[in-house]
Amino acid sequence: MSKFYLTTTLPYVNADPHVGFALEIIQADVIARYYRSQGYEVFFNFGTDEHGQKIYEKAIDANMDPQAYTDMWAKKFDKLKDTLNLTYNNFIRTTDEHHVVAAQEFWKICEKNGDIYKKNYKIKYCVGCELEKTDSELVEGKCPIHPNMELEIREEENYFFRFSKYQDRLLALYTARPDFVIPESRFHEIKKFVETGLEDFSISRLASKMPWGVPVPGDLTQVMYVWFDALVNYISAIGWPDDLPKFNSFWPVVQFAGKDNLRQQSAMWQAMLMSASLEPSKQIVIHGFITSGGKKMSKSLGNVINPFEMVEKYGTEALRYFLTREVTPFEDGDFTEERFKEAYNSGLANGLGNLTSRILKMSESYFEKSPVLDFLDEKRDMPPGYDKLIRNYEFKATMDYIWEVIAEVDVEIQEKKPFLVFKTDPEMARKMVEELLKHLISIAKMLTPFMPETSENILEAIKANKMPAPLFLRKE
RNA sequence: CGCGGAGUGGAGGAGUAGUACCUCGUCAGGCUCAUAACCUGGAGGCGUCCGUGCAAUUCGGGCCUCCGCAACCA
């Protein structure tokens, strides 16, 4: 059986899952369900990134053992499976024993290949916060919380990865694989970035300062920097290095990630794989960010959209609908509850839900039992237009395609008027409704990867030949 | 001159070298199978200047405006 391996990034567990990550994992879930329906054996990986300074600090603040702290978060993230109706079949935690071992093994290979070395690393330290600061955190070269204090430059010895060595090989990979990064604009961006030249990056931290990480093999004074450890999950999840047959049967991977992760996924990680003599990933799919009211979501603005809350109010299917149809798959998209409700009413209540009701009402009145039972079970291919779109991760366009069919069927009912014809020529009307039912089946089947429950409900109603309770009630 | 991206009717979004599409809103009409739903028609738009083309919103250039980008941020 053909195999298909896909993964999301592993969210860092220092805050509640937010709707941006919901977008990523729902996109991945749609693809996983689609390929499964096409007969592939799918491995769908998801999990949590649990090491590093931020988590260590939070655990200390909460007066908790870091492991207990991450246990709590991992459970929270795993709840997304029910909340969003996901079908991932592996939940990896970077604190899992086999992952830790894999990360260390990976390190050793890179080291053996001469790509890991020690050097002095200059960090900027704010005495006010008692914290190391990254350049992006600084405002005009100062700590934004303590702008009148000078930053101290501290030096420490860290391990570095020889990223610079892989510039040419990365560029060769990009040339050889024209669809390596989706969409093209992001691919272009990363090519430009790599062309400009690469700097080796730091891949460890002093264990004395920050013990919450994977120990560096052969050097107990250092732990791996989270990125190095976390990226390895993509191979450890499918058995590397101790189950190579399994690994080889699934690798390479399709990775879903946000635009902030472009470099890590499509350059750094690929260089790491090269260093370890492993085949590059299959494809990287980069989505945009979700803004709220045109602004980046932030607690201080109070515009954070909580996926759990949306699901409670509108249902899982509605959220899956909104994120796949109303948000562009690769650009930033805006999410406000107002827009969500609008989309819900027009697309789901008035569109899909209402169409289902009107067809089934006629069918229920004109037929003793469903006239399309044979047709229901028939295995039929999806329209080629549909397949092409979904395989290119064009979620919105695929959904638009389905909704075009919905609109056409609404028009057909209006024009053929089976409800009038029935009064004079019941046989003719029955034929018409039978056609309509077939269209509805086709709609439901195309919808399966996106809205699995709704699809199932529609097919069940057709089978029972009974108008169901409204699938989506209008929200006022 | 660091790199990259974006500017489409009142709002939010697709799209394209040749009558510019969708949702909401708005105006007029129609239908009764349906969830005050559904259908038909109207009003209203491609930031700006220049260039290339028979033809540009689409290609190229200038300008204006906005937004990302060596980390732990989806």
Side-chain angles (χ1 to χ4, degrees), chain A residues 8-12 14-15 17-25 49 51-55 132 134-137 163 183 185-186 188-193 195-196 198-202 205 225-227 230 256-264 267-268 286-291 294 296-297 325-328 330-336 338-339 341-343 345-366 394 396-397 400 403-404 407 409-422 429 432-433 436 467-474:
Chain A
T8 64
T9 53
L10 304 190
Y12 199 64
N14 63 347
H18 76 66
V19 78
F21 187 72
L23 170 70
E24 177 172 324
I25 199 160
D49 181 3
H51 288 123
Q53 178 137 10
K54 288 255 153 102
I55 288 167
E132 179 183 338
T134 59
D135 284 338
S136 64
E137 287 177 301
F163 193 33
S185 55
R186 293 288 167 212
H188 186 223
E189 191 179 332
I190 195 66
K191 282 180 191 163
K192 281 289 181 186
F193 171 74
E195 274 169 19
T196 317
L198 302 176
E199 274 177 40
D200 296 347
F201 55 86
S202 153
R205 289 290 184 269
Y225 186 51
V226 281
W227 272 115
F256 286 79
K259 64 180 187 181
D260 56 325
N261 250 282
L262 177 66
R263 289 176 191 181
Q264 290 86 334
M268 290 159 60
I286 302 287
H287 65 259
F289 280 175
I290 291 180
T291 55
K296 194 169 173 172
M297 283 184 219
R325 181 161 194 230
E326 295 294 325
V327 172
T328 51
F330 309 122
E331 300 294 328
D332 290 358
D334 204 55
F335 193 132
T336 57
E338 197 188 350
R339 260 195 80 201
K341 197 200 288 179
E342 208 176 278
N345 282 333
S346 65
L348 297 178
N350 301 349
L352 179 62
N354 182 55
L355 180 69
T356 303
S357 293
R358 59 195 306 210
I359 294 177
L360 276 160
K361 175 65 180 186
M362 287 188 277
S363 180
E364 178 186 298
S365 324
Y366 306 167
E394 292 283 1
K396 179 187 172 59
D400 283 346
W403 258 260
E404 232 169 80
V409 178
D410 265 329
V411 172
E412 192 178 324
I413 297 174
Q414 184 60 35
E415 285 177 350
K416 294 192 175 164
K417 299 184 171 53
F419 44 88
L420 279 191
V421 173
F422 188 74
M432 288 174 179
V433 171
L436 294 174
M467 184 173 84
L471 261 29
F472 301 98
L473 273 174
R474 280 187 66 87

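Lettering of chains follows the sequences in order, A, B, ..., and the numbering in each one begins at 1. Hydrogens, waters and symmetry mates play no part in the numbers below; they use all other heavy atoms, side chains included.
- Within 4.0 Å (heavy atoms only), A:Met432 reaches no atom of the nucleic acid at all.
- Following rounding to the nearest Å, A:Phe289 (CZ) and B:G68 (P) show an atom-to-atom distance of 10 Å.
- When the nucleotides B:C33, B:G4, B:U40 are ranked by their closest atom to the side chain of A:Val411, B:U40 comes out on top.
- Here A:Phe201 lies in heavy-atom contact (under 4.0 Å) with a base.
- Heavy atoms of A:Leu198 sit under 4.0 angstrom from at least one base atom.
- Separating the P atom of B:U26 from that of B:A11 is a span of 15 Å, rounded to the nearest Å.
- Rounding to whole angstrom units, CZ of residue A:Arg325 and P of B:A14 are separated by 13 Å.
- Side-chain atoms of A:His287 and A:Leu23, non-hydrogen and from C-beta on, do get closer than 4.5 Å to each other.
- The residue from A:Asn261, A:Thr8, A:Ile286 that alone fulfils the side chain to side chain contact (heavy atoms under 4.5 Å, CB included) condition with A:Glu24 is A:Thr8.
- Between B:C24 and A:Lys341, no contact under 4.0 Å exists linking OP1 or OP2 to a side-chain N or O.
- As judged by a 4.0 angstrom heavy-atom cut-off over every strand, A:Glu199 is placed among the base-contacting residues.
- Across all strands shown, A:Ser346 has heavy atoms under 4.0 Å from sugar-phosphate atoms exclusively, and none from any base.
- Counting non-hydrogen atoms under 4.0 angstrom, A:Leu471 reaches a base of the nucleic acid.
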Could you spell out the base pairing of RNA chain B in dot-bracket, with Watson-Crick or G-U pairs whose two distances are under 3.5 Å, [ ] crossing and | to another strand?
-> .((((((..((((....[..)))).(((((.......)))))....(((((..]....))))))))))).....

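- Annotation: B:G15 and B:C46 have their C1' atoms spaced 11 Å apart (nearest Å).
- Residue A:Asp49 is classed as having no contact, given no heavy-atom separation below 4.0 Å to the nucleic acid.
- B:C38 sits 41 Å from B:G5 when the C1' atoms are compared, rounded to a whole Å.
- Using atom P as the reference point in both B:G18 and B:U57, the two lie 11 Å apart (nearest Å).
- Summarising the geometry, the separation between CD1 on A:Ile290 and P on B:C67 is reported as 20 Å, rounded to the nearest angstrom.
- The CG atom of A:Asp260 sits 11 Å away from the C1' atom of B:C69 (whole-angstrom rounding).
- You'll find the side chain of A:Trp403 reaches within 4.5 Å of the side chain of A:Arg325, heavy atoms only.
- Nucleotide B:G53 carries a syn base; the chi torsion (O4'-C1'-N9-C4 or O4'-C1'-N1-C2) is within 90° of 0.
- Distances shown here put every side-chain N or O of A:Thr9 at or beyond 4.0 Å from the OP1 or OP2 atom of B:A74.
- On the C1' atoms, B:G13 is 10 Å away from B:U8, given to the nearest whole Å.
- Rounded to an integer number of Å, the gap from CZ of A:Phe193 to C1' of B:A70 is 6 Å.
- The closest donor-acceptor contact from the side chain of A:Arg474 to the backbone of A:Ser346 lies at 3.5 Å or more, if one exists at all.
- For A:Gly351 and A:Lys361, each mapped to the nucleotide of RNA chain B holding its nearest heavy atom, the one lying further toward the 5' end belongs to A:Lys361.
- Within the 4.0 Å cut-off from OP1 or OP2 of B:C24, not a single side-chain nitrogen or oxygen of A:Arg339 is found.
- Side-chain contact between A:Pro468 and A:Leu360 is present, with heavy atoms from C-beta onward closer than 4.5 Å.
- For the pair A:Arg186 and A:Phe330, the cation-pi criterion (under 6.0 Å, within 45° of the ring axis) is not fulfilled.
- Between A:Leu360 atom CG and B:A37 atom C1' there is a gap of 16 Å when expressed in whole angstrom units.
- Nucleic acid contact for A:Lys259: none, since no nucleic acid atom lies under 4.0 Å from a heavy atom of the residue.
- Closest to the side chain of A:Ser185, from the set B:G5, B:C38, B:C33, is B:G5.
- Nucleic acid contact for A:Tyr12: sugar-phosphate only, since backbone atoms but no base atoms lie under 4.0 Å from a heavy atom of the residue.
- Look at the C1' atom in both B:G68 and B:C27: the space between them is 42 Å, to the nearest Å.
- Following rounding to the nearest Å, A:Gln414 (CD) and B:C38 (P) show an atom-to-atom distance of 11 Å.
- Map A:Phe419 and A:Lys192 each onto its nearest nucleotide of RNA chain B; the residue landing nearer the 5' end is A:Lys192.
- When the nucleotides B:C73, B:A37, B:U32 are ranked by their closest atom to the side chain of A:Leu420, B:U32 comes out on top.
- An OP1 or OP2 oxygen of B:G5 is reached within less than 4.0 angstrom by a side-chain nitrogen or oxygen of A:His188.
- The C1' atoms of B:G47 and B:C39 are separated by 37 Å, rounded to the nearest whole Å.
- Residue contacts for A:Gly258: at a heavy-atom cut-off of 4.0 Å it reaches the sugar-phosphate backbone alone, with no base atom in range.
- In this structure, A:Lys259 satisfies the cation-pi test against A:Phe289, with its NZ or CZ atom closer than 6.0 Å to the six-membered ring centre and inside 45 degrees of the ring normal.
- Inter-residue side-chain proximity for A:Ile413 and A:Arg358 is flagged as met; some heavy-atom pair is nearer than 4.5 Å.
- In this structure, A:Tyr366 contributes its side chain and A:Lys361 its backbone to no donor-acceptor pair below 3.5 Å.
- Of the listed nucleotides (B:C38, B:C69, B:G4), B:C69 has the atom at the smallest distance from the side chain of A:Arg263.
- Using a 4.0 Å heavy-atom cutoff across all strands shown, A:Gly52 reaches no nucleic acid atom at all.
- Among the heavy atoms of the strands lying under 4.0 Å from A:Asp410 are primed sugar atoms or P, OP1, OP2 only; no base atom is included.
- The same atom, C1', is picked in B:C67 and in B:G9; the two are 24 Å apart, to the nearest Å.
- The aromatic rings of A:Phe163 and A:Phe201 lie perpendicular to each other, with more than 60° between the two planes, well past the 30° mark.
- Using a 4.0 Å heavy-atom cutoff across all strands shown, A:Ser365 reaches no nucleic acid atom at all.
- Computed from coordinates, the A:Trp403 CH2 to B:G13 C1' distance equals 16 Å when rounded to whole Å.
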Criterion side chain to side chain contact (heavy atoms under 4.5 Å, CB included) on A:Glu412 and A:Leu436, from CA distance to verdict | CA-CA 8 Å; A:Glu412 192 178 324; A:Leu436 294 174; 3.9 Å; yes

